[in-house]
Number of protein chains: 2
Amino acid sequence: MKQITVYDIAHEARVSVATVSRVLNGTAPVKASTRERVLEVINKHQFQPNALARSLIKKESGMIGMIMPDIGNPFFPEVFLGAEKEARARGYAIFLCNTMGEQEKESEYLALLQEKRVDGIVFLGGRINQVRSKAELARELVDCASRLPVVLVNGNMPRVSLPRVITDEAAGFRLAAQHLIDLGHRELRFIGGEGSVTATVQKVQALKAVMEENGLPFRPDTVLYGGFSIACGRSLMQTVLAEENRPTAVMCVNDSVAVGAVKAALEAGVDIPGELSVTGFDDTLLATSITPELTTVSQNSHALGEQAVQLLHQMISGEKGRKLTVLEPKLICRQSTGPVEIPGI
Amino acid sequence: MKQITVYDIAHEARVSVATVSRVLNGTAPVKASTRERVLEVINKHQFQPNALARSLIKKESGMIGMIMPDIGNPFFPEVFLGAEKEARARGYAIFLCNTMGEQEKESEYLALLQEKRVDGIVFLGGRINQVRSKAELARELVDCASRLPVVLVNGNMPRVSLPRVITDEAAGFRLAAQHLIDLGHRELRFIGGEGSVTATVQKVQALKAVMEENGLPFRPDTVLYGGFSIACGRSLMQTVLAEENRPTAVMCVNDSVAVGAVKAALEAGVDIPGELSVTGFDDTLLATSITPELTTVSQNSHALGEQAVQLLHQMISGEKGRKLTVLEPKLICRQSTGPVEIPGI
DNA sequence: TTGAAAGCGCTAACAA
DNA sequence: TTGTTAGCGCTTTCAA
């Protein structure tokens, strides 16, 4: 089953390969009648030019790589969707690389994508989200970025200056915290995430700032780390509910944790938002899956992916593109938060 | 920023390009000392061979395409995860192509992937899941499959015989239906899906069969089509609840619809499973996100992706591979189903 | 408006 | 054990 090539087409249409290439790409005028003839042969054989050969010579592959931690977390498919839409519009196909945040997989994929000569890489999670990450890992990324355009999404690496598209997560978290305080909550908790992950730390700091602004004490036990999954949210909430002096509001690092937290509370017979307010983060489809629906912060995940690819495309095209794009998050008030109950009423 | 090539390496290591290629691929013995020298130069320059050039000559690209309807539906990321794991183990990278079931996008991606010379394609949803699909679309797929390995996941096209990996969805649905009947339910409903989609029709027919086996009447109004989303589940449940004689159990085409349905019921003050039992399908993360947790049917989505890529790999390697792989679904009993309430007790 | 021919960066005979 | 060389299928000067 030999592949058909421009030579076969050229021969059958009695022209040269150059002409075939010209009608294929419209790079130079071709007499109408000749073009007709060539097109006919192309259609007849359902000829599809070999993009590998073309890429080899044009030095652009029309492929971009997207490295992300966990497509199983509903936030990431949404980012992908935004990225894909933009990519498709510009003729790129996307390699989706899932790393579970494992740095070894990140390294492997980084190398693989470079060998495949992708035109650029969008990088999410993992090493670009560590408070302290090994110099080795940073160097790898910088090295990669020296060969091809790389844009970071929702991350930041100490000592590494690469173009980024981010949501101002701290601002978003401040919104949610202030919302709770405005509702009368005085005793807040933060659950989920990891102290080693930038996105988590930013949120904790935002919470701390807002609490202090409002004259509320931020104690070390205000924060309970533990992870990003539903299961972890559930177990953390169980811990919180077992405490001596229960908080009236619990802020979760993301929607998944919030879902687990809400479930644990419901199981314990705690009324939400009557007795306890809960907030999520990201506004994924999980937020509206549960009852009560989650008050959460929208990152506009779709736009994040879209902007990242847009920027990448600019860089690929040799334009400068802005170093930093910040998307403003939005507080989405739903049913999981409410005024604090006045005891005795 | 000129790319480094085997020539540069060869020159600097004072050997021929053939030798460089040999140490790169281990295709022929190279004297240890020579290898050392070459490796050194390679490392020094962080040389990464151009996979495009290699693919061009080896006629294999190490890329596979995965076409699916909606990565935003939690079922599909799980399939992807299984596929990716298997792909990575065999050295492939995956192009993820999202079509929203639109046939035009499917066609575009099909063409794109062929041009890019992927080694094979995994196809899900859309045209392979239509009860009647245009001959044109079938031909396109067959055409594609005549050029490269294609495996269909959870689908089937009339008149098209391609290797498939599927879950026996009908069997799964029978399990769930029988479970409800065993719990004493006599008045069942099916909601969600589309009458034009095979996966939906199979489920409806399974339900019909089980009901008839158990001497229950299957009436046209047993079925309420409408789509696959949470929103649709919600509105369909509202319709059901407004009916004269409410059913005691509602079976949903998938977990998303079930989630919407449960929410609508809860909002209407209906107790689940006390007054109403609800089942989902797919056992996605949504099933355990809500309270009560969903009784549902597990498709083993991960295995689906895994097996598909495994089969694809066999085909790429020239092995035959089985025409049809059927995965057995499992009933997962959770909290959304229970015995029918005896009125008056 | 067209064709001849020189690569793109690699692998794999074939020779040595 | 190593080198020479002919492609893989395409685009793109350069010349006609």
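Nothing here was measured: the structure is a model prediction, and the numbers come from that model. Letters A, B, ... mirror the listed sequences (proteins, then strands); counts begin at 1.
Comparing the start and finish of the helix from C:dT1-D:dA16 to C:dA16-D:dT1, five pairs each, the helix axis swings through 40°, to the nearest 10 degrees.
Between B:Arg117 and B:Lys59, every side-chain heavy-atom pair lies at or beyond the 4.5 Å cut-off. Side-chain contact between B:Leu124 and B:Leu152 is absent, with no heavy-atom pair separated by less than 4.5 Å. When side chains are defined from C-beta on, B:Leu113 counts as touching B:Cys97, because their heavy atoms get closer than 4.5 Å. Side-chain contact between B:Pro149 and B:Ile121 is absent, with no heavy-atom pair separated by less than 4.5 Å.
Only A:Leu56, A:Ile57, A:Lys59, listed by number, bring a heavy atom of residues 49-64 of chain A to less than 4.0 angstrom from any atom of DNA chain C. For DNA chain D, the neighbouring residues in residues 33-45 of chain B, judged by any heavy atom under 4.0 Å, are B:Thr34.
Looking only at atom types and distance, the side chain of B:Asn154 has no donor-acceptor partner in the side chain of B:Arg164 under 3.5 Å away. For the residue pair A:Gln3 / A:Asp8, no side-chain donor-acceptor distance below 3.5 Å is found, with atom types taken as modelled. Of the N and O atoms on the side chains of B:Ser107 and B:Glu140, at least one donor lies less than 3.5 Å from an acceptor on the other residue.
Ring planes of B:Tyr92 and B:His313: perpendicular class, angle over 60° (limits at 30 and 60°).
Counting any heavy atom pair closer than 4.0 Å across all strands shown, A:Thr5 reaches sugar-phosphate atoms only and no base atom. Among the atoms of the strands shown, only primed sugar atoms or phosphate atoms (P, OP1, OP2) are found under 4.0 Å from some heavy atom of A:Val15.
Rounded to whole angstrom, the span from the CZ atom of B:Arg22 across to the P atom of C:dA13 amounts to 11 Å. Following rounding to the nearest Å, B:Ile4 (CD1) and C:dC8 (C1') show an atom-to-atom distance of 16 Å. Nucleotide C:dT11 holds its C1' atom 11 Å from the CG atom of B:Leu24, rounded to whole Å. Spacing between atom CD1 of B:Ile9 and atom C1' of C:dG9 amounts to 12 Å, rounded to whole angstrom units. Distance CD (B:Glu115) to C1' (D:dC10): 12 Å, rounded to an integer number of Å. The distance between atom NZ of B:Lys116 and atom C1' of D:dG9, rounded to the nearest whole Å, is 15 Å. C:dT2 atom P lies 18 Å from atom NE2 of A:His11, rounded to whole Å.
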Please set out all donor-acceptor pairs under 3.5 angstrom arising from side-chain atoms of residues 44-53 of chain A, sequence neighbours excluded.
from, atom 1, to, atom 2, distance (Å)
A:Lys44, NZ, A:Glu12, OE2, 2.6
A:His45, NE2, A:Glu12, OE1, 2.8
A:His45, NE2, A:Glu12, OE2, 3.4
A:Gln46, NE2, B:Asp143, OD2, 2.8
A:Asn50, OD1, A:Leu52, N, 2.7
A:Asn50, OD1, A:Ala53, N, 3.3

Enumerate donor-acceptor pairs with a distance under 3.5 Å from any side-chain N or O in residues 65-81 of chain B to protein atoms, sequence neighbours excluded.
from, atom 1, to, atom 2, distance (Å)
B:Asp70, OD1, B:Gly72, N, 2.8
B:Asn73, OD1, B:Phe75, N, 3.0
B:Glu78, OE1, B:Ser301, OG, 2.8

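Between D:dC10, D:dT12, C:dT1, one nucleotide has an atom nearer to the side chain of A:Tyr7 than all others, and that is D:dC10. For B:Ala18, taking side-chain heavy atoms from C-beta onward, the closest of the listed nucleotides C:dC10, C:dT2, D:dG3 is D:dG3.
Among residues at least two apart or in separate chains, salt bridge (charged side-chain N to carboxylate O under 4.0 Å, His left out) pairs with a member in residues 88-111 of chain A are A:Glu86-A:Arg90, A:Arg88-B:Glu108, A:Glu102-A:Lys105, A:Glu106-A:Arg127, A:Glu108-B:Arg88.
In terms of phosphate contacts, B:Thr19 brings no side-chain nitrogen or oxygen within less than 4.0 Å of OP1 or OP2 of D:dT2.
To the nearest 0.5 Å, the span separating OG1 on A:Thr198 from CE on A:Met157 amounts to 9.5 Å.
The residue among B:Ser16 and A:Asn25 whose nearest nucleotide of DNA chain D is located toward the 5' end is B:Ser16.
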